[in-house]
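Okay, structure first, notes after.
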Protein chains: 2
Amino acid sequence: MPNREMVAKELSDIFKLIAHPDRIRLIEELRFEEKDVNSLAQILNLPAPRVSQHLALLRASRLVEERRDGRHHLYHLTQPEIAGWIIEGIDFIEGRHTGLTKTQIKSARKHWSTAHH
Amino acid sequence: MPNREMVAKELSDIFKLIAHPDRIRLIEELRFEEKDVNSLAQILNLPAPRVSQHLALLRASRLVEERRDGRHHLYHLTQPEIAGWIIEGIDFIEGRHTGLTKTQIKSARKHWSTAHH
DNA sequence: TGCATATCTGCAAAAACATGCAATCTTGAA
DNA sequence: TTCAAGATTGCATGTTTTTGCAGATATGCA
């Protein structure tokens, strides 16, 4: 298979993997710290087997890794880049709703994060 | 539906839309200039009806727009941000193959684009 | 008008995904 | 040991996507 097609195929596989609302929120939740299956299930309000299945998919493509601690299975991200795409995407959607561009959002953030308020 | 879920849903719909190798290459081809269906079909080596169907999907979600010129239907991107995600993704995949991080690629590019060679 | 080119639409068959639930496995603690 | 909690696995079922054509449209030109 020609190289450009291969790259497009691999990239589409990653997009497919994150093209599911539960998995997007899962990755979002794992952005800053590892969490176990039950916590995730409660936070996302999903049955535990479902969370486990999503995590198995992400694990198969090495987007997350598992670490055991007693009877808890703790998951963490292994490709922070991809979590970054999701955050970027969320910004994009939210900006779209408020009618703001990403640049406007950035400058608004900068404005509100400065000390003079 | 709670807001975070809505955002995750909308974002997953966009990811789904670009989670197809043909559509990734299509968007890549339209990055710098508009092109008509036949050119795209030839470049990507796909049957024209298939290209047309992909474009119809992208059009329905306003990722591209159509402009007619005689019997040609010229398509162009309307959300350069999303094309950006794809370019970013391609860099990521390619970097992964060479074992380089994105940062390393960037600095290599900077190095080779300077004048002292 | 009539023909060829460029593109779109519709539809059926195949493939890929998502979902719910029961059964199973593993570990810590009584 | 035995039990319960935390997770995973397997499978049947339902839903979406993808694919391959055939046929329909629309446009420019002889």
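Letters A, B, ... mirror the listed sequences (proteins, then strands); counts begin at 1.
- If B:A48 and A:R23 are placed on DNA chain C by their nearest nucleotide, the residue sitting closer to the 5' end is B:A48.
- For B:Y75 and C:dA6, the shortest distance from a side-chain N or O to OP1 or OP2 is not below 4.0 Å.
- With DNA chain C read from its 5' end, the first of the two nearest nucleotides for A:H20 and A:G70 is the one closest to A:H20.
- Aromatic rings from B:F15 and A:W85 are positioned such that their centres are separated by 6.0 Å or more.
- In this model, the phosphate group of C:dT5 is not approached by any side-chain N or O of B:N38 to a distance below 4.0 Å at OP1 or OP2.
- Taking every side-chain heavy atom of A:E66 into account, D:dT8 is the closest of D:dT8, D:dC21, C:dA6.
- A:R68 has a carboxylate O that lies under 4.0 Å from a charged side-chain N of A:E66, or vice versa, which qualifies the two as a salt bridge.
- Comparing A:K16 and A:R71 along DNA chain D, the residue whose closest nucleotide (by nearest heavy atom) sits nearer the 5' end is A:R71.
- For A:R68 and C:dT26, the shortest distance from a side-chain N or O to OP1 or OP2 is not below 4.0 Å.
- Checking C:dT7, D:dA7, C:dT9 against every side-chain atom of A:H72, the shortest atom distance belongs to D:dA7.
- Counting non-hydrogen atoms under 4.0 angstrom, A:P47 reaches nothing in the nucleic acid.
- Atoms CG (A:L26) and C1' (D:dA7) sit 14 Å apart, rounded to a whole Å.
- Side chain of A:V37, nearest nucleotide from D:dT8, D:dT19, C:dC8: D:dT8.
- With respect to the salt-bridge test (charged N to carboxylate O, under 4.0 angstrom), the residues A:K35 and A:E29 qualify.
- The side chain of A:S52 contributes no N or O atom lying less than 4.0 Å from OP1 or OP2 of D:dA7.
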